[in-house]
**Student:** 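Dropping a structure here in structure tokens format, bear with me for questions.
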Amino acid sequence: MNREVRVRFAPSPTGALHIGGVRTALYNYLFAKKNGGKFLLRIEDTDQTRFVPGAEKYIKDALEWLNISPDESPWNPGDCGPYRQSERKAMYMDYALDLLEKGHAYYAFDTPEELEAMRERLTAARVVSPQYNSITRTQMKNSLTLPADEVAARLASGEPYVIRVKIPRKEEVRLQDKVRGWVMVHSSTLDDKVLMKSDGMPTYHLANIVDDHLMNITHVIRGEEWLPSAPLHVLLYRYFGWEDTMPEFAHLPLLLKPDGNGKLSKRDAEKHGFPLFPLSWQDPVSGQIADGFKEGGYLPDAFLNFLAFLGWNPGDHRELFTLDELVEAFSIERIGKSGTKFDINKAKWYNEQYLRRKSDAELAAYLTEGMEAEGLQIPMEKAEKIAAIMKERATFPADLWKEGQFMVIAPESFDQEIAAKRWNEDSVKVLSVFKDILEELEGELLAPQAKELLNQAAETAEVKLGKIMQAVRLAITGIGAGPDLMEVFEILGKQELIKRITFALNTLEIKG
RNA sequence: GGUCCGUUCGUCUAGGGGUUAGGACGUAUCCCUUUCACGGAUAAAACACGGGUUCGAUUCCCGUACGGACUACCA
């Protein structure tokens, strides 16, 4: 039986989508597309207390920014809706009842206090892992220990209850993970997880099995934090009688912090000054703003490429992949097993690579964006020229303006250190002659000609050009480093050059 | 604590019973460049440890150490 590949990304709307979640979404997307299947998104909002307004919109926007939008989702439903678990609420109880009838689940009436007391009792008795299981359930208030009529009475009276799965005492549970191979767990280490909560909502464990089955999910690709509960999920598929269509599992390695060890956290992001979220996010409660890669100047393609390589590689030495190329190259078999430390340097490198591959016109648009913020405007032709000579030195689009603005705004002051070291009588001589030459010049000044004329000026002044180049740069740009000066001359034009040289000659003083 | 998962240069990783253990980022040096950057070249840099199995283990097995995840009426 060859089923159409269907995978899902199933975030819960509890805040901004973490970069690890984005990678999970990406791998799901890549796998679906590679296999000609469908990528769906399901909102796992069964915990009403953790709902955060705006979180779902954030998820949608983030995936859109990266161009990996799902084929089916709450805002673009397919045939398996609804795509929010809260809207599927009504269906879960039937499935829980089905398990109950089959003897694989039971009602439990224990209060939170009683559960806490049980855990304390077990801890005091030095039980290694205090949990609700095949042993302890015999001492708790549930439909396994209470008489049938009392259970019926409690249910009829509206007393709060949960439905728990009845985990067998001794059973080996095996599952094949596509990343890790066979994983074996003994049922005695599992506990009787709650399936239906007292508020009538299912827990994740029930909901994800029911929904994955109903949505014909063929592969579950999710974070490694789910591996410990995967055996429970296998058991549930078995109890429902869905084993033959049970999805295959692939548990992704975790994203770790850049220094030391441990899971990547918000604190690390702040400490190292890099974003943790695709888009910036303002927490609706605290009002705190978390940085986003988008706002930080990361290009979506570059970010995606970087993310894809955090835990996966194509097996050859290629590094730069478009989204289509990633789809083509992707396979679950090439996902690594071990946790991955997050290195922002590599992300920056990817950004540079992608930035340099952009056309001058695209880059010019970034440049003018920065200028508009300061109320400045220049002809597109000039913007393209500036972008062209600036792109080799930019990491982010904003650098184009930040580091290239001297070509639009004349310097009002000069780098003191360079001035002290390089500004001398020779540079004054050459620049004075050069200025005179420019004033005589007719027509446009082009880069090769500029070089010729400057050489001429140096000869006239009897100065070696190499000795004063730095000073010339300083006079024109105010700083000691930048793109090819002759290109800068051409962009600035004759009049502007004369103006700047005059200003420099009048302002800079010869030291020592 | 228990269960599960993991461990190749600083980082991301390739590889796999016999290799000079390969690449990329970062770092250093050199070249190019009348600056800086880009680009090019070179260098330093790794199989966690201990036992097996084997003619031979970084590779297979078992331990140990270390790290991580999970251990809720959260997902």
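All chains are named by letter (A, B, ...) in the order of the sequence lines, taking the proteins before the strands, and each is independently numbered beginning at 1. Bear in mind the structure is a predicted one, so any value in this text is a computation, not a measurement.
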**Student:** Please tell me if A:T203 has a side-chain N or O lying less than 4.0 Å from either OP1 or OP2 of B:rA72.
**Tutor:**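 False: A:T203 side-chain N/O out of range (4.0 Å or more) of B:rA72 OP1/OP2.
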**Student:** Indicate yes or no: does A:E462 engage A:K429 in a salt bridge with an N to O separation below 4.0 Å.
**Tutor:**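 Looking at A:E462 and A:K429, the cut-off is not met.
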**Student:** Give a yes/no on whether any side-chain N or O of A:N313 is located under 4.0 angstrom from OP1 or OP2 of B:rA14.
**Tutor:** yes
**Student:** Output yes when A:D191 and A:R164 qualify as a salt bridge under the 4.0 Å nitrogen-oxygen rule, no when they do not.
**Tutor:** no
**Student:** Just to confirm, is there a sub-4.0 Å distance from OP1 or OP2 of B:rC73 to any side-chain nitrogen or oxygen of A:R164?
**Tutor:** yes
**Student:** Which base sits across from B:rC70 as a Watson-Crick or G-U pair, both distances under 3.5 Å?
**Tutor:**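 The base-pairing partner of B:rC70, which may sit in any strand shown, is B:rG2.
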**Student:** Is there a side-chain polar atom (N or O) of A:T14 under 4.0 Å from OP1 or OP2 of B:rC74?
**Tutor:** no
**Student:** Decide whether A:D211 and A:Y92 meet the rule of one side-chain donor and one side-chain acceptor closer than 3.5 Å.
**Tutor:** yes
**Student:** For B:rA75, does either OP1 or OP2 sit under 4.0 Å from a side-chain N or O belonging to A:K197?
**Tutor:**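 Yes, A:K197 has a side-chain N/O under 4.0 Å of OP1/OP2 on B:rA75.
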**Student:** Which of these nucleotides, B:rU8, B:rU71, B:rA75, is closest to any side-chain atom of A:S12?
**Tutor:**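 From the listed options, B:rA75 comes nearest.
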**Student:** Just N and O in the side chain of A:K451: are any of them under 4.0 Å from OP1 or OP2 of B:rU34?
**Tutor:** yes
**Student:** With a 4.0 Å cutoff (strictly under), does any side-chain N or O of A:K341 reach OP1 or OP2 of B:rU11?
**Tutor:** yes
